[in-house]
Amino acid sequence: MALFSFKKKKPPAPPVIGLTLSGGGMRGIAHIAVLKALEEYHLKPHIISGTSAGSIIGAFYSFGKTPDEMMEIVKHTSFFSRSSLKLSKNGIFSSNFILKLFKDYFPEDNFSILKIPMYVAATEMTHGIVDFFSEGELFGPLLASSSVPFILPPVRIGEKIYVDGGVLDNLPIEPILDKCNFLIASHVNSISYDELNKMSLMKEFDRILHLAIAKSVYSKAKYCNIFLDPPKMTKYSLFNKRYMDEIFQQVYDYTCQELEEKGFRKKM
């Protein structure tokens with residue numbers, strides 16, 4: 001009599017979720033809303049990449065700060081205030097307020113404090129390339145990644161000079177593309193066309209910057225399992241947190257709706 005043995009099938013391995021966060025100045029608050037929604041829909045990332053504001057939000061989250069804690073930090077921190085005005089040939093503002101933020105909330109200036117692997121994008125000026133940082137000192141790469149040209153001064157790391165990573169790569173999926181099998185990207189700079197007749201100089205700078213880099217950003221959407229692009233984000237300032245609660249709620253609702261439409265369900 002033949003004996004048959006049946007091997008139990010192993011359950012499929014859970015996906016390795018990667019998350020890429022774009023730059024966007026104070027619109028980076030939108031990434032906090034995205035993170036809150038992702039957690040509620042069982043999509044907490046295992047690896048993160050970011051540029052500019054996205055790198056800072058990503059680092060705080062990787063360190064262990066919750067979305068609610070990050071919103072409290074934003075609420076109690078002064079950004080681009082008059083006391084930070086510098087008006088030098090290298091930038092309108094000093095970056096000391098950003099450095100103080102890191103020193104206040106991170107116990108050590110090293111990537112090793114981060115609990116989730118993190119890649120930070122910065123634009124290297126001499127050769128016009130993007131470098132990705134994931135180990136060693138943390139504060140320098142974060143400062144470099146968020147040094148918007150003419151607004152904040154460039155940052156020297158070793159022998160190289162860096163500015164905002166978003167200049168060349170405002171959606172840096174490259175360093176994590178082969179390290180995850182489910183990629184989510186959050187882009188917070190969709191252009192609003194409602195305010196063309198009442199643009200300040202800063203609004204004009206914002207629009208020119210994001211018109212210039214939009215094509216390269218949207219060309220990467222096809223590599224993402226979920227591409228989050230909340231509408232009309234440029235109606236919110238790069239440099240002012242006045243509408244932080246409105247940004248958060250709008251993007252949280254948008255993200256929840258997008259995830260529901262893709263078949264994800266909230267934790268019960």
Side-chain angles (χ1 to χ4, degrees), residues 17-32 34-35 45-65 70 73-74 79 95 97-149 151-180 183-189 213 216-217 220 224 238:
I17 300 171
L19 175 65
T20 297
L21 304 174
S22 76
M26 294 311 303
R27 294 194 290 265
I29 292 163
H31 293 316
I32 304 176
V34 167
L35 285 163
H46 302 102
I47 188 167
I48 298 174
S49 63
T51 194
S52 200
S55 71
I56 296 174
I57 296 297
F60 272 86
Y61 188 73
S62 297
F63 175 59
K65 294 295 183 184
M70 285 191 279
I73 290 171
V74 174
F79 300 92
S95 57
F97 71 94
I98 304 178
L99 186 59
K100 182 180 185 302
L101 180 69
F102 302 154
K103 290 179 177 179
D104 285 347
Y105 291 99
F106 292 134
E108 189 180 345
D109 179 11
N110 200 285
F111 274 88
S112 63
I113 66 170
L114 304 183
K115 300 174 179 69
I116 300 173
M118 173 82 196
Y119 288 81
V120 173
T123 299
E124 196 269 303
M125 291 282 283
T126 303
H127 300 96
I129 60 173
V130 178
D131 281 344
F132 299 104
F133 298 86
S134 60
E135 58 184 21
E137 293 183 355
L138 176 63
F139 298 173
L142 289 177
L143 276 178
S145 182
S146 28
S147 290
V148 182
I151 305 299
L152 292 166
V155 174
R156 178 182 290 275
I157 300 177
E159 298 299 314
K160 297 180 179 180
I161 303 294
Y162 291 92
V163 295
D164 195 299
V167 171
L168 291 181
D169 194 350
N170 206 32
L171 199 72
I173 64 173
E174 293 81 2
I176 65 171
L177 198 54
D178 63 349
K179 296 177 176 64
C180 64
L183 180 60
I184 304 169
S186 175
H187 174 246
V188 295
N189 304 291
I213 62 181
S216 65
V217 167
K220 298 183 182 186
C224 304
L238 277 173

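Treat the numbers as computed from the prediction; the structure is a model and nothing was measured. FYI, the numbering just counts along the sequence from 1.
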Within a strict 4.5 Å, meaning less than it, do heavy atoms of the [X] and [Y] side chains meet?
X	Y	answer
Leu101	Ile73	yes
Pro107	Phe63	yes
Val217	Asn189	no

Please report the shortest heavy-atom distance between [X] and [Y], naming the atom on each side.
X	Y	value
Gly50	Pro172	C-CG, 3.7 Å
Tyr162	Lys160	OH-CD, 3.3 Å
Ser147	Val155	OG-CG2, 3.5 Å
Ala144	Ile157	CB-CD1, 4.1 Å
Pro154	Ile161	CB-CG2, 3.6 Å
Val74	Met26	CG1-CE, 4.4 Å

For the [atom1] atom of [X] and the [atom2] atom of [Y], what is their distance to the nearest 0.5 Å?
X	Y	atom1	atom2	answer
Leu143	Glu137	CG	CD	11.0 Å
Thr20	Asn170	OG1	CG	11.0 Å
Leu138	Phe133	CG	CZ	11.0 Å
His31	Ser22	NE2	OG	3.5 Å
Ser49	Leu183	OG	CG	7.5 Å
Leu35	Ile57	CG	CD1	8.0 Å

Partner set under side-chain hydrogen bond (donor to acceptor under 3.5 Å, both in side chains) for [X], not counting sequence neighbours:
X	value
Asp109	none
Thr51	none
Asp178	none

Quiz item: What side-chain hydrogen bond (donor to acceptor under 3.5 Å, both in side chains) pairs are there with at least one residue in residues 111-121, not counting sequence neighbours?
Solution: Asn110-Ser112

Exercise. Could you tell me which residues satisfy salt bridge (charged side-chain N to carboxylate O under 4.0 Å, His left out) with Lys220, sequence neighbours excluded, listed by chain and number?
Key: Asp169, Glu174

Quiz item: Sequence neighbours excluded, which residues qualify as salt bridge (charged side-chain N to carboxylate O under 4.0 Å, His left out) partners of Lys179?
Solution: none

Output yes when a side-chain donor or acceptor of [X] lies under 3.5 Å from a complementary backbone atom of [Y], and no otherwise.
X	Y	answer
Thr123	Asp164	yes
Ser186	Leu21	no
Ser146	Ser52	no

Exercise. For Val120 and Leu142, run side chain to side chain contact (heavy atoms under 4.5 Å, CB included): C-alpha distance rounded to whole Å, both residues' side-chain angles, the deciding distance at 0.1 Å, then the answer.
Key: CA-CA 7 Å; Val120 173; Leu142 289 177; 3.8 Å; yes

Practice problem: Check the pair Phe97, Leu152 against side chain to side chain contact (heavy atoms under 4.5 Å, CB included), reporting the backbone distance first and the verdict last. | Solution: CA-CA 11 Å; Phe97 71 94; Leu152 292 166; 4.2 Å; yes

Quiz prompt | Parallel, tilted or perpendicular: rings of Phe60 and Phe106 (30°, 60°) | solution = tilted

